[in-house]
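What follows is a short report on a single structure.
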Amino acid sequence: MAFTVLLKFWKGSRLKRELEIVFFAMSLKCCPNKVDSACLGTHGLLLTSSKDEVVVHGSPDNIAAAHQYKGNGQWETLELYLIKYKDFHAGLPIVVAETLLRTDPRIELPLWLICMFKGDRREKTWGMTSQESSPASLFRLYVDYGRYTEATNLLLEYIESFSSMKPTDIINRKRPFSVWFPYTAIERLWCQLEELIRSGHMVDQCDKLKKLLHGTLLSHLKLLKVDSDDAISAASS
């Protein structure tokens, strides 16, 4: 028998895990190559029209029936519930994106999902870090699932934004530890591109991506060196 559980009384890791299972199932419904829902098990949550409560129910197949959403499409339903619940569980966009990329290697992530990772670009942050579902998280997912073009374009977007910021923000950029990029993941992307070139796969495409990365990273590191020298000079003066 279904029963309602108020989120304010159940805000632990167990509920977050249940939400991950639900959004995993909802994401699969958007994939042409989705797996059979039988493998998901029989336990799930029925999301209600309010983000302040959920219903423990028998099957995630009933998720869409919880709320009559205009348009009645799987993508629209996924977006609707993700907007409602991502403030409670900031990692849900990662769950959705990873499910989509793992299930269908050719799928294009919807713009609204990418925007959830990018957040509000008006925020005073520099680099690719922010909350749990950050641009760096999306970059790692792209690298993990072989989406090297998307990963490169995303990285270049943020590095170019960093280097072309307004003069009023440059002084803040020069502060120690004010900027962070996923350098380990960037190195992994570089190594995987080199491996593909050595193995003879997508040589032209990978070589082009490497050249883009090389030029952009070289300029970026030079800029960081200037900022570092300025910070040292300011500290010693």
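With sequence neighbours excluded, the residues satisfying side chain to side chain contact (heavy atoms under 4.5 Å, CB included) with Leu221 are Leu224. In terms of the side-chain hydrogen bond (donor to acceptor under 3.5 Å, both in side chains) criterion, residue partners of Glu20 (sequence neighbours excluded) are, by chain and number, Arg17, His89. Applying the side chain to side chain contact (heavy atoms under 4.5 Å, CB included) rule to Asn153 yields the partners Thr149; only residues at least two apart in sequence or on another chain are considered. Glu194 is linked by a side-chain hydrogen bond (donor to acceptor under 3.5 Å, both in side chains) to Trp190, Lys210, counting only residues two or more places apart in sequence or in another chain. In this view, Arg140 satisfies the salt bridge (Lys or Arg N to Asp or Glu O under 4.0 Å) rule with no residue, not counting sequence neighbours.
In this structure the side chain of Leu213 never reaches within 4.5 angstrom of the side chain of Tyr148, judged on heavy atoms. Between Glu98 and Tyr145, the closest side-chain pair of non-hydrogen atoms falls below 4.5 Å. Under the 4.5 Å side-chain criterion, counting only non-hydrogen atoms from C-beta, Leu113 is in contact with Leu82. Asp207 places none of its side-chain heavy atoms less than 4.5 Å from the side chain of Leu193. Taking the side chain as every heavy atom from C-beta outward, Tyr142 and Leu189 never approach each other to under 4.5 Å. Two residues are said to be in side-chain contact when any heavy atoms from C-beta on lie closer than 4.5 Å; Phe181 and His220 meet this criterion. Looking only at side-chain heavy atoms (C-beta outward), Phe117 and Ile94 come within less than 4.5 Å of each other. Ser27 is not listed as a side-chain neighbour of Thr103, based on a closest heavy-atom distance of 4.5 Å or more.
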So Leu155 and Thr216, side-chain contact (heavy atoms from CB on, under 4.5 Å) or not? Walk me through it.
-> CA-CA 9 Å; Leu155 178 64; Thr216 303; over 6 Å; no
Please walk me through it: do Phe139 and Tyr158 pass side-chain contact (heavy atoms from CB on, under 4.5 Å)?
-> CA-CA 11 Å; Phe139 177 78; Tyr158 276 84; over 6 Å; no
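Note on Leu100 and Ile83: same hydrophobic cluster, where clusters join Ile, Leu, Val, Met, Phe, Trp and Tyr whose side-chain heavy atoms are under 4.5 Å apart, directly or indirectly. Criterion: ILVMFWY side-chain heavy atoms under 4.5 Å apart, direct or through other members. Under it, Met202 and Ile197 are not part of a common hydrophobic cluster. Cluster membership for Tyr183 and Leu156, using ILVMFWY side-chain heavy atoms within less than 4.5 angstrom, is shared.
Nearest heavy-atom pair across Gly91 and Ser133 is CA-OG, 3.8 Å. The nearest pair of heavy atoms linking Phe23 to Tyr81 is CZ-O, 3.5 Å. Closest approach of Lys16 to Phe88, counting heavy atoms only: CE-O, 3.8 Å. Across every non-hydrogen atom of Cys30 and Ile107, the tightest pair is O-CD1, 4.3 Å. The heavy-atom pair separating Ala97 from Leu141 by the smallest distance is CB-CD1, 3.8 Å.
Separating the CD atom in Glu160 from the OG atom in Ser219 is a distance of 9.5 Å, to the nearest 0.5 Å. Atoms CG and CD, from Leu80 and Glu76 in turn, are 10.0 Å apart once rounded to the nearest 0.5 Å. Rounding to the nearest 0.5 angstrom, the gap separating the OG atom in Ser134 from the NZ atom in Lys118 is 12.5 Å. Taken to the nearest 0.5 Å, the CG atom of Leu109 stands 12.0 Å off from the CE atom of Met116. Here the CG atom belonging to Leu78 is positioned 5.5 Å from the CE atom belonging to Met26, to the nearest 0.5 angstrom. If you take NZ on Lys84 and CD on Glu79, they are separated by 12.0 Å, rounding to the nearest 0.5 Å.
Classification of Arg188 and Asp144 as a salt-bridged pair holds, one side-chain N sitting under 4.0 Å from a carboxylate O.
Cluster partners of Leu218, using a side-chain heavy-atom cutoff of under 4.5 Å among ILVMFWY residues and allowing indirect links: none.
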